[in-house]
Amino acid sequence: KGTTREQRALKYLKEHAREGDPDSVLETFDEFCRTQEWAMNAAEEKGDILDEIVRELRPTTCLELGTYCGYSAVRIARQLSPSARLITVEVNPDYAAVAREVVKLAGLQDKIEVINVDSGDVIRELKDKYDVTKLDLVFLDHWKYLYIRDIKLIEEEKLLKKGSVVFADNVIIPGAPGYLEYIRGSKNYNSTFYSVHFEYMDDMKDGVEKSVYIGDE
Ligand SMILES: Cn1cnc(CNC(=O)c2cc(-c3ccc(F)cc3)cc(O)c2O)c1
Ligand SMILES: [Mg+2]
């Protein structure tokens, strides 16, 4: 059919979601994934935990690694205060293009910046090029073997402060063993594991890990 799954999802959203309404975009995307085609959104139980973290933390500067189609970017940004913002990084240009459309459809383009680069490059530029001083929330949802590389880069750049939260998806499926070992073994974090269902699959279990930074600034 010449279209990709991501393009079909975007078409469905444009046809069925209420423009400018983030909740409608998310509900419609969940409907698409439940009735038409599965997609790797941090949805349902994972999204509920993400919602709770954002509500409690009230972050002003958020970083997401692994935008995909923008589902979790919209989920995070819909709860951000007026001056708060989310920088979301996607290495795949086709995904980034779809994500920008989804963000626009949700009316959140003033809160979300989608950057189409490799996360390893952009983390070093956040301070100088993206005017970031500290990150209040980091959401890891990109290639699972890169979680450990990128959290170390974030620490090296001194981008975390006491209370910053690092939230990681898929620590069971596909799994991020190196990352889990590192973050749980580090004295700079208090980590909590949540056993959750895999997105849109009631008979599969995954896990997410919430780590609060308590180390030196
Ligand atoms: C292509 N690509 C662009 N970004 C990424 C990073 N995300 C993932 O890899 C990812 C993968 C899965 C998953 C898919 C199939 C399967 F059978 C089991 C697990 C679930 C997720 O929630 C993910 O975040 C991959
Ligand atoms: Mg994921």
May I ask you to check whether [X] and [Y] show a side-chain donor-acceptor distance below 3.5 Å?
X	Y	answer
Tyr213	Glu155	no
Asn116	Tyr95	no
Ser191	Arg184	no

| request: Count the heavy atoms of every other residue, nucleotide or ligand shown that sit under 6.0 Å from NZ of Lys134, and state whether that count exceeds 12. | output: yes
| Hey, is NZ on Lys161 packed in by over 12 heavy atoms from elsewhere, all under 6.0 Å? | no
Kindly indicate whether the side chain of [X], heavy atoms from C-beta on, has any atom under 4.5 Å from the side chain of [Y].
X	Y	value
Phe198	Ile172	no
Lys205	Ser195	yes
Glu125	Asp128	no
Asp203	Met201	yes
Arg149	Ser119	yes
Lys46	Asn170	yes
Leu65	Leu63	yes
Asn41	Ser72	no

Working to the nearest 0.5 Å, report the span between [atom1] of [X] and [atom2] of [Y].
X	Y	atom1	atom2	value
Leu159	Ile123	CG	CD1	8.0 Å
Ser211	Ile151	OG	CD1	7.5 Å
His197	Ile173	NE2	CD1	10.5 Å
Leu108	Asp21	CG	CG	10.0 Å

Are any of the side-chain nitrogens in [X] or [Y] under 4.0 Å away from the carboxylate oxygens of its partner?
X	Y	value
Arg75	Glu64	no
Arg78	Asp51	yes
Arg55	Glu52	no
Arg34	Glu44	yes
Glu157	Lys127	no

Checking the side chain of [X] only, and the main-chain atoms of [Y] only, is there a donor and an acceptor separated by less than 3.5 Å?
X	Y	value
Asp136	Thr60	yes
Tyr147	Asp169	yes
Glu90	Ala96	no
Arg100	Val114	yes

| request: Mind running side-chain contact (heavy atoms from CB on, under 4.5 Å) on Ile87 and Leu135 for me, showing each step along the way? | output: CA-CA 10 Å; Ile87 294 172; Leu135 294 170; over 6 Å; no
For a quick test of reading the model, state the closest non-hydrogen atom pair linking [X] to [Y] and the distance between them.
X	Y	value
Thr28	His16	CG2-CB, 3.6 Å
Lys111	Ala77	CD-O, 3.6 Å
Val98	Cys69	CG1-SG, 3.9 Å

| Check against side-chain contact (heavy atoms from CB on, under 4.5 Å), Arg5 and Trp38 | CA-CA 9 Å; Arg5 172 193 309 239; Trp38 183 88; 4.1 Å; yes
Please tell me whether [X] and [Y] are part of a single hydrophobic cluster in this structure, the criterion being side-chain heavy atoms less than 4.5 Å apart.
X	Y	result
Leu126	Leu140	yes
Ile214	Leu57	no
Met204	Val208	yes
Trp143	Tyr68	no

| Between Ile183 and Asn188, is a side-chain contact (heavy atoms from CB on, under 4.5 Å) present by the stated rule, with each step listed? | CA-CA 8 Å; Ile183 206 86; Asn188 293 320; over 6 Å; no
| said: Students often mix this up, so state it plainly: with edges at 30° and 60°, are the rings of Phe29 and Phe32 parallel, tilted or perpendicular? | reply: perpendicular
| task | Could you point out which residue of Tyr194, Phe193, Phe139 forms a ring pair (Phe, Tyr, Trp, His ring centres under 6.0 Å) with Phe167? | result |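 Exactly one candidate clears the test, Phe139.
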